*Asks:* 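Following this message is one structure expressed as structure tokens.
Below, each value reflects all heavy atoms present in this structure, side chains not excepted, and no hydrogens, waters or symmetry copies. All of these numbers come straight from a predicted model, not from anything done at the bench.
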Amino acid sequence: MKQTSAPHHSRPSTLSRRVRLTLAATTAATVTAVTLTALPAAAVTRAVSVQGEAMAISSAHGGDYRDGRASGGAALAIWHRATASAVVSTPVRATRLQVTAMGGRCGTAAPQMRVTVDGVAVGTSAVSATRWTTYTFTGSWAAGRRRIGITFLNPYGTTKCDRFVEVDRIVASGTAPTASTPPVSTPPASPPVASTPVEKTGFVTRSGSKLMLDGKQFKYVGLNAYGMSGCDGPAWSDAQLADYFARLAPNTVTRTWAFRPFGTAALDRIVATAAKYQQKVIFTLADGRNYCGEHDGAVTPEGGDKSTAWYAGGYKTTYLPWVTTVVTRYKDNPTVAMWEMINEPGSFSSAAYTDALVKGFFDTTAAKIKSIDPNHLVGTGVLSEDMKGTSNYATLHASPNIDVASLHEYEYDWNDSNSIITGHLARVLAQLAPVGKPVIIGETGVQAGPGCRTSVAARNSAISRKLTGYTAYPAVAGVNVWSVVQYNPWSHEKCPLEMPANDPVLSTVRSVQAGLNG
């Protein structure tokens with residue numbers, strides 16, 4: 001949403017007294033678009049600028065403040081490891097970025113900022129200046145809309161000082177062709193190739209069979225919370241969302257439903273609260289089993305398959321426009337870890353659901369998502385390789401627009417096996433090896449409760465072994481435990497898979513997540 005002026009934010013009390021005295025405490029918000037100002041330039045030079053205070057950033061990680069010495073009378077402060085970004089439209093090929101910034105030192109290191117264009121790093125600089133200073137980065141970026149990001153890399157604070165970066169403005173400039181200099185044509189951008197590692201600050205990306213985050217391998221453990229947006233009752237309240245996300249370590253990944261019947265209002269609150277607590281979410285866009293009112297294409301509502309006609313093309317009528325709406329809405333938001341096209345596609349029983357049928361749906365949908373949103377990964381949501389229509393993972397996941405496979409398992413309770421690692425995993429990994437893509441254990445869980453075969457404490461121990469066991473596999477990128485709910489699960493079922501928000505499994509997930517990725 002475009003705004004003509006940026007709101008002002010308060011900042012932590014540990015920041016320098018000079019900055020704290022100039023802060024304006026009004027309504028917190030996040031700017032998602034900016035208005036550019038053309039700068040005076042020589043005959044063949046063109047430039048555009050954006051003020052720091054107009055850049056988008058979570059109010060939990062940074063905010064604007066008034067400063068009479070800044071070019072626009074205000075500036076942006078970043079005090080957590082986070083990225084501020086803005087889209088600029090350059091009239092010519094840009095070859096230089098100038099960032100006017102200064103920093104607050106705390107400890108032995110100067111603040112460090114990384115500058116990116118369209119998610120690709122163009123340079124990193126120590127911001128040692130305590131007065132507005134221009135830092136210059138060079139490169140070559142085709143004319144058009146470009147997203148520029150400023151990431152503060154090394155936050156640090158004590159009771160006496162705080163390290164931070166402040167941004168006054170960014171100027172992108174380049175030289176326009178003259179009559180004697182024919183313009184250099186710019187080839188069309190290549191379609192996104194998911195296996196090519198491209199650093200996109202704050203976004204989860206993929207390099208072969210590994211997930212990546214900010215240039216490093218990223219493995220995660222997390223939870224399912226299917227009712228967040230309104231599946232098992234009212235959508236979670238702001239207080240419930242905050243309580244849940246606050247219990248988890250940074251960059252924990254929560255998988256939840258983003259089905260059409262729920263609309264986007266609940267999704268907006270999920271994304272905003274997750275961002276506040278440095279969390280990430282997987283949005284699953286439809287349900288192959290048609291639960292929670294997501295009955296598009298259902299043969300038999302609530303638990304039945306979607307029809308073969310739906311997979312053959314019927315999904316284009318209602319589902320694909322919904323996908324377009326949601327993906328467009330969050331395409332620039334790194335809080336979304338990935339899109340999952342559908343939960344558990346195919347059929348438990350009917351041979352009419354072939355791999356070719358489901359693959360056509362996957363390939364078309366994934367291509368549509370990537371055409372809108374090259375920033376995010378795309379997953380399939382497959383249950384297992386023995387589901388009708390999903391028997392060959394190499395075939396299903398061959399498209400370059402598909403990044404992540406999935407596997408769901410609840411074998412711990414199957415015939416009282418106490419299984420930790422499902423036997424399906426070896427077969428799935430063998431099938432995925434030729435296409436070199438990761439798999440997530442999108443669902444796993446253990447039934448537990450008073451009077452049950454497994455106590456709540458024993459479930460916690462089993463889940464702990466599952467999390468560490470699965471993430472030890474190189475090509476297993478993440479695990480999501482089923483599932484946190486806001487009601488008393490034992491009032492619905494004697495030995496449920498579901499867990500309340502204070503279940504000890506959440507502490508185990510927090511501990512394991514904190515120990516991953518170095």
*Asks:* Only one of Trp482, Tyr226, Tyr410 clears side chain to side chain donor-acceptor pair (under 3.5 Å) with Glu443; which?
*Replies:* Tyr410

*Asks:* Could you pull out all residues at least two apart from Cys292 that satisfy side chain to side chain contact (heavy atoms under 4.5 Å, CB included)?
*Replies:* Cys231, Trp257, Phe259, Phe262

*Asks:* Between Phe245 and Ile270, what is the shortest heavy-atom contact and its length?
*Replies:* CE1-O, 4.1 Å

*Asks:* Does anything in residues 440-462 form a ring pair (Phe, Tyr, Trp, His ring centres under 6.0 Å)? List the pairs, not counting sequence neighbours.
*Replies:* none

*Asks:* Report the residues that fulfil side chain to side chain contact (heavy atoms under 4.5 Å, CB included) with Lys388, sequence neighbours left out, ordered by chain and then residue number.
*Replies:* Ser347, Tyr353

*Asks:* What residues, two or more places apart in sequence or in another chain, satisfy side chain to side chain contact (heavy atoms under 4.5 Å, CB included) together with Ala309?
*Replies:* Ser307

*Asks:* What side-chain donor-acceptor pairs closer than 3.5 Å can you find for residues 416-430, not counting sequence neighbours?
*Replies:*
residue	atom	partner	partner atom	Å
Asp416	OD1	Arg453	NE	3.2
Ser417	OG	Glu411	O	2.3
Ser417	OG	Trp414	O	3.4
Ser417	OG	Ser419	N	3.2
Asn418	OD1	Arg453	NH1	2.7
Asn418	OD1	Arg453	NH2	3.3
Ser419	OG	Ile421	O	3.4
Thr422	OG1	Glu411	OE1	3.2
Thr422	OG1	Glu411	OE2	2.6
Thr422	OG1	His424	N	3.1
His424	ND1	Glu385	OE1	3.1
His424	ND1	Glu385	OE2	2.9
His424	ND1	Arg427	NH2	3.1
Arg427	NE	Glu385	OE2	2.8
Arg427	NH2	Glu385	OE2	3.4

*Asks:* Mind listing the closest non-hydrogen atom pair of Thr284 and Ile342 along with its distance?
*Replies:* CG2-C, 3.9 Å

*Asks:* Quick one: closest heavy-atom pair of Gly449 and Val456, and the distance?
*Replies:* CA-CG2, 4.3 Å

*Asks:* How about His80 and Phe152: are their ring centres within less than 6.0 Å of each other?
*Replies:* no

*Asks:* To check you understand the geometry: which heavy-atom pair defines the closest contact between Met387 and Arg289, and what is its length?
*Replies:* CE-NH1, 3.3 Å

*Asks:* Please state whether the rings of Tyr315 and Phe361 are parallel, tilted or perpendicular, taking 30° and 60° as the class boundaries.
*Replies:* perpendicular

*Asks:* Nearest 0.5 angstrom please: Tyr311 OH to Thr354 OG1, how far?
*Replies:* 11.5 Å

*Asks:* Between Arg269 and Asp238, does any NZ, NE, NH1 or NH2 come within less than 4.0 Å of an OD or OE carboxylate oxygen?
*Replies:* yes

*Asks:* State, to 0.1 Å, how close Arg163 and Gly107 come at their nearest heavy-atom pair, and which atoms those are.
*Replies:* NH2-CA, 4.1 Å

*Asks:* Considering only NZ, NE, NH1 and NH2 on the basic side and carboxylate oxygens on the acidic side, decide whether Lys370 and Asp403 come within less than 4.0 Å.
*Replies:* yes

*Asks:* Rounded to the nearest 0.5 Å, what separates atom NZ in Lys219 from atom CG in Leu213?
*Replies:* 15.0 Å

*Asks:* Mind running salt bridge (charged side-chain N to carboxylate O under 4.0 Å, His left out) on Asp363 and Lys359 for me, showing each step along the way?
*Replies:* CA-CA 6 Å; Asp363 288 356; Lys359 177 178 170 57; 3.0 Å; yes

*Asks:* Just jot down the ring-ring contact (aromatic ring centres under 6.0 Å, His included) partners of Tyr487, sequence neighbours excluded, or say none.
*Replies:* His492

*Asks:* Does a sphere of radius 6.0 Å around CZ in Arg260 hold more than 12 heavy atoms from other residues, nucleotides or ligands, not counting ones at 6.0 Å or beyond?
*Replies:* no

*Asks:* Between Ser483 and Glu498, is the side-chain hydrogen bond (donor to acceptor under 3.5 Å, both in side chains) condition met? List the steps.
*Replies:* CA-CA 5 Å; Ser483 172; Glu498 287 76 18; 5.8 Å; no

*Asks:* What pair of heavy atoms forms the shortest contact from Asp296 to Lys306, and how long is it?
*Replies:* O-NZ, 2.6 Å

